[in-house]
Asker: 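Mind looking over this structure? Questions follow.
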Amino acid sequence: MFSVKRVLGGKYADIVLAIALFLVFDLGVLMINFYTSYQISSEAVAINLAGRQRMLSQRMTKDLLEMQTAAPGGTIYDKARRELVATTAMFDTTLEAFYRGGAVTDTNGRPAVLTREADPEARHLLETARGIWLPLKRAIGDASRDNPAAGALNTAAGLLIAHNLELLKLMNGLTTRLAALAQDKASHLRAIQTGGIVLALLNFAFILFHFIRKLRRSDAEAETARRETTEILDTVNEGFFLLDRDMRIGSQYSRALSEIIRKPLSGEEDFIHLFEDIADAETLGVAREYLGLLFEDRIRERLTTDLNPLERVEVHFPREDGAFETRYLSLAFTRVYVDGAISHVLGSLSDITEQVRLEKEVELANKRSQEEVELLVGLLKGDAAQTAEFMQKTEQGLLSVNALLKGSQDTAGHAQTVENIFPVIHAIKGDAFAIGIDAFGNMAHEVEKALMPLRGARNIAGTQFLPVTVLLNEMLARIRLVRGLLDRVTDIQRSIGQPATATAERWTRELTGFAARVADDLGRQVALEVALPALDDLPAPALQKLRDMCIQLVRNAVAHGIEPPEERIASGKPATGKVRLKLDRYPTGELHLSCRDDGRGISPARIRASLLRSGRYSAEQLDELSDKQIVMKIFESGFSTNDAPDAHSGHGAGMDVIKQLAMALGGRLGLGTRPGRFAEFRVQMELETAPAAVEPAVRAAS
C-alpha cells in the first residue's frame with residue numbers, strides 16, 4: 001500500500017487516483033456513447049429500409065396493374081416491367097438482408113450493411129413476410145419475363161393484390177419494431193450518459209472537496225510551521241540566517257540577528273555590507289574569502305569549520321558621544337545541501353563579549369596569581385629589606401604621580417605632567433627588573449606604553465589619563481598585597497635568623513642578574529664587572545638615588561652599547577661584551593661613579609640622523625652644533641636612537657633619568673666615547689659618609 005501510494009505521488013495519491021477515475025468515467029461514457037450511436041445509426045438505416053419495403057410492395061402492385069392494362073411490347077408496358085424487375089430485386093435483397101444479414105443499397109443509393117435481425121418479434125415478422133414473399137416472388141418473376149406465359153401476369157397480379165395489404169402490414173410492423181428497438185437503445189444510451197456524467201460530477205466534486213480540504217490542511221500546517229519557526233527565531237538569542245551564493249541573507253532570520261548588529265533588516269541584504277560600519281577592512285576581506293570557500297564543493301566541511309577565522313571578531317559600534325563601544329561577535333556556518341549540492345549556508349551569529357570579558361578576567365587572574373606566586377618565591381629567596389625599600393620607594397613614586405595627575409588642570413599642564421611622570425615610571429620599571437620583581441616591572445612598562453602616545457602631544461584631554469590612572473591604582477593595590485606578604489616573609493626571616501646582606505654585595509648580585517636578564521631579552525652576551533667598595537659608607541637617601549643611577553647606566557650599556565654577538569665577531573671583538581661599573585672615593589673625598597662598556601660607542605652621525613628624523617631639530621640647526629654638543633643631546637627627555645621601543649630601550653627616558661639623578665646628588669655628569677670601541681659615563685659627586693650604620697633590613701621592611 002505504501003509503495004502504491006508512493007508510485008501515485010505520495011501525499012497526492014488520493015487526488016491522482018480521483019483524477020484517474022474521472023478520466024476513466026469520461027472515457028467509458030464516451031466509448032459507450034460512440035458504440036451506441038453507431039448502433040442507432042445502423043438502426044436508422046434499417047428503419048428507413050424497412051419503410052422502403054412498404055413503398056416497394058406498393059410499387060410492385062402498381063407495376064403489375066399497369067402491365068395488365070398496357071399493351072405488351074408497348075412503352076408503358078416495358079417501363080412497368082423494368083421497374084417491376086428492379087423493385088422486386090430490391091425488395092427481395094433487402095428482405096433477405098434483414099433475415100440473414102448482408103449488403104444492400106440504402107434509400108440514398110449508397111451501399112449499406114444490415115446485420116441479421118435477432119429480435120424475436122422482428123424475426124417473426126420477417127419469417128411471416130418471407131412465407132408470403134417467396135411464392136409471390138416466383139409469380140412476379142414469371143410475369144416479368146420477356147415472353148411470359150399466358151396468364152402469368154394475371155396470376156402474379158392476383159397474388160400480389162391478395163397479399164399486398166398483409167405484406168404491407170408486416171413491413172409496417174417491421175418498421176415499427178425496429179423503431180422501438182432503436183428507441184430502447186437511445187434510452188439506454190441516455191441512461192448510460194446520465195449515469196456517467198453523474199459519476200463524473202460526483203468524482204469531480206470529490207476531487208474538488210478533497211483537494212480543497214488538503215489544500216486547507218496544507219495551508220494550516222504551513223502557517224503553523226511558519227508561526228512556530230517565527231516564534232523560535234524570535235526567541236533564540238543567536239542570530240540565525242541563510243546565505244546564498246551571492247552572500248545575501250534570505251527572508252527567514254532570527255530577530256537576534258538585527259539586535260546583535262544593531263541594524264534593521266529587510267532580507268535579501270548583502271551580508272558583508274552589514275559589517276562595513278563596525279569591522280575593519282581586513283576582517284571584511286577575510287570574511288568574504290572564507291564565505292566563498294564555504295560554497296566550494298572541493299573543500300571538505302570539516303576543513304571549513306577548522307579554518308573559520310570568524311569565531312571571534314572584534315567590532316566597534318559608534319556611540320552618541322563620538323566614542324566607540326567594542327564588542328566581540330562569533331560567527332559559525334554550516335552548509336545546506338539540496339540533492340547533494342550546496343544550496344545555502346546556515347549561519348549563526350552570537351555576541352560573546354561577556355564570554356571574552358570573563359576569559360580575559362580569568363586570564364588576568366591567572367596571570368596575577370602566577371605573578372603573586374613568583375613574587376612570593378622571589379621574596380623568600382631575596383632580601384626582604386631590599387624589597388621593602390623598593391615597595392616604599394615605588395609607593396611614594398606612584399603617589400607623587402597621582403598628585404601630579406590631580407594637579408594637572410589644562411592642556412599645557414597635561415603635557416608637562418606627562419613629561420614629569422614618565423621618568424618616575426621608567427625608574428620604577430628599572431628598579432623592579434633590577435631586583436627581580438618582574439611583575440612590577442611589567443606593570444610599569446604597561447604604564448609607559450599608555451603614556452607613550454601622550455608624549456609630545458599638544459592637545460591632551462584629562463580623560464586620556466584614565467588608562468594611566470587605572471594602571472597606577474592597580475599597582476598601588478599590588479603594593480599593599482606585597483607588603484602583607486613581605487611582613488610574613490620578614491617574620492620568617494627573623495625567626496630563622498637570616499643575616500642582612502651588605503649593600504655592596506647585594507647591589508652586585510642585583511645588577512649582575514639585571515644585566516643578564518636585559519642581555520637575554522635583547523639577545524646579547526654580557527659580562528658585568530661591579531666594584532663598589534665605597535658604597536657601604538653612604539647614607540640611605542643618597543644610596544637610593546645612586547642605586548637608580550647604576551640601574552639606568554647598566555641598562556643603557558647593555559641595551560645601547562653592547563652589540564649583538566654576530567656584530568661583535570664581525571668587528572673583531574669577542575662575542576661577550578664587557579661592562580664595568582665602578583664607584584671610587586678619591587683622597588679628596590669626592591666619589592667617582594663610572595660605567596664603561598666595550599660596545600659600539602656613541603656615534604654623532606647616528607644621533608644627528610635620529611634628531612632630524614624625530615623632528616626635534618632642523619638640518620640647519622644640527623649643522624650649527626659640534627659633535628660634542630650633538631652627543632650631549634642624548635640626555636634630552638624623550639630622545640632615543642631606537643626606533644622600535646621594547647621593555648628596555650626606545651622610550652627616551654633612561655638618559656634623562658640619569659641626568660636628573662646626577663643633578664639631585666649634586667654631581668657632574670661626564671661622557672667619553674670612541675665610536676666602535678667604547679662608551680663611558682662618569683658622575684663626580686661630593687657625598688658625605690653615613691653618620692651611622694645602615695639599619696637592619698628587617699627593620700626597614702617592617
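None of the values given here were measured: they were computed from a predicted structure.
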Asker: Taking the cut-offs as 6.0 angstrom to the six-membered ring centre and 45 degrees off its axis, would you call R319 and F324 a cation-pi pair?
Answerer: no
Asker: Is any side-chain heavy atom of L349 closer than 4.5 Å to one of F240?
Answerer: no
Asker: Heavy-atom distance under 4.5 Å between the side chains of I161 and L165, does that happen here?
Answerer: no
Asker: Between R335 and E296, is the closest basic N to carboxylate O distance under 4.0 Å?
Answerer: no
Asker: Surrounding NZ of K263 (heavy atoms of other residues, nucleotides or ligands, distance under 6.0 Å), is the total greater than 12?
Answerer: yes
Asker: For the side chain of D244 and the backbone of D246, is there at least one donor-acceptor N/O pair under 3.5 Å apart?
Answerer: yes
Asker: Does T93 reach the main-chain N or O of M90 with its side chain, forming a donor-acceptor pair under 3.5 Å?
Answerer: no
Asker: Donor-acceptor check, side chain of S57 to backbone of L167, threshold 3.5 angstrom: yes or no?
Answerer: no
Asker: For L291 versus I272, what's the shortest heavy-atom pair and its separation?
Answerer: CD1-CD1, 4.0 Å
Asker: For the pair S254 (side chain) and E238 (backbone), establish whether a donor and an acceptor sit closer than 3.5 Å, ignoring hydrogens and angles.
Answerer: yes
Asker: Can you tell me if D78 and T75 form a side-chain donor-acceptor pair at under 3.5 Å?
Answerer: no
Asker: Check whether D92 reaches the backbone of T88 with its side chain - one donor and one acceptor, N or O, closer than 3.5 Å.
Answerer: no
Asker: Within the distance-only criterion (no hydrogens, no angle test), does the side chain of Y253 pair as donor or acceptor with the backbone N or O of L265 below 3.5 angstrom?
Answerer: yes
Asker: Are side-chain heavy atoms of I140 and L159 found at a separation under 4.5 Å?
Answerer: no
Asker: Flag the pair R312 / E359 as yes when at least one side-chain heavy-atom distance between them is below 4.5 Å, and no otherwise.
Answerer: yes
Asker: Does either side chain, that of H124 or that of E121, offer a donor lying less than 3.5 Å from an acceptor on the other one?
Answerer: no
Asker: I'd like to check T230 versus R226 (side-chain heavy atoms, cut-off strictly below 4.5 Å). Are they in contact?
Answerer: yes
Asker: Flag the pair K169 and E166 as a salt bridge only when some basic side-chain nitrogen lies within less than 4.0 angstrom of an acidic carboxylate oxygen.
Answerer: no
Asker: Could you give all pairs that pass the ring-ring contact (aromatic ring centres under 6.0 Å, His included) test and reach residues 57-115, with sequence neighbours left out?
Answerer: F91-W133
Asker: So does L160 get a backbone contact from the side chain of N164, meaning a donor-acceptor N/O pair under 3.5 Å?
Answerer: no
Asker: List the atom of H344, the atom of L242, and the distance in Å for their closest heavy-atom pair.
Answerer: CB-CD2, 4.0 Å
Asker: Look at the side chain of T87 and the backbone N and O of E83, then say whether any donor-acceptor pair between them is shorter than 3.5 Å.
Answerer: yes
Asker: Please name the residue in the list R116, K137, R130 that meets the salt bridge (charged side-chain N to carboxylate O under 4.0 Å, His left out) test with E96.
Answerer: R130
Asker: Would you say L84 and L64 make side-chain contact, with heavy atoms under 4.5 Å?
Answerer: yes
Asker: So, does N308 use its side chain to make a donor-acceptor pair with the main chain of L331 at under 3.5 Å?
Answerer: yes
Asker: Please tell me if the side chains of V313 and V315 come closer than 4.5 Å, counting only heavy atoms from C-beta onward.
Answerer: yes
Asker: Is a donor from one side chain sitting under 3.5 angstrom from an acceptor on the other, for T107 and R52?
Answerer: no
Asker: Side chain of R255, backbone of G239: donor and acceptor closer than 3.5 Å?
Answerer: no
Asker: Hydrogens and angles aside, do S187 and R190 bring a side-chain donor and acceptor to less than 3.5 Å of each other?
Answerer: yes
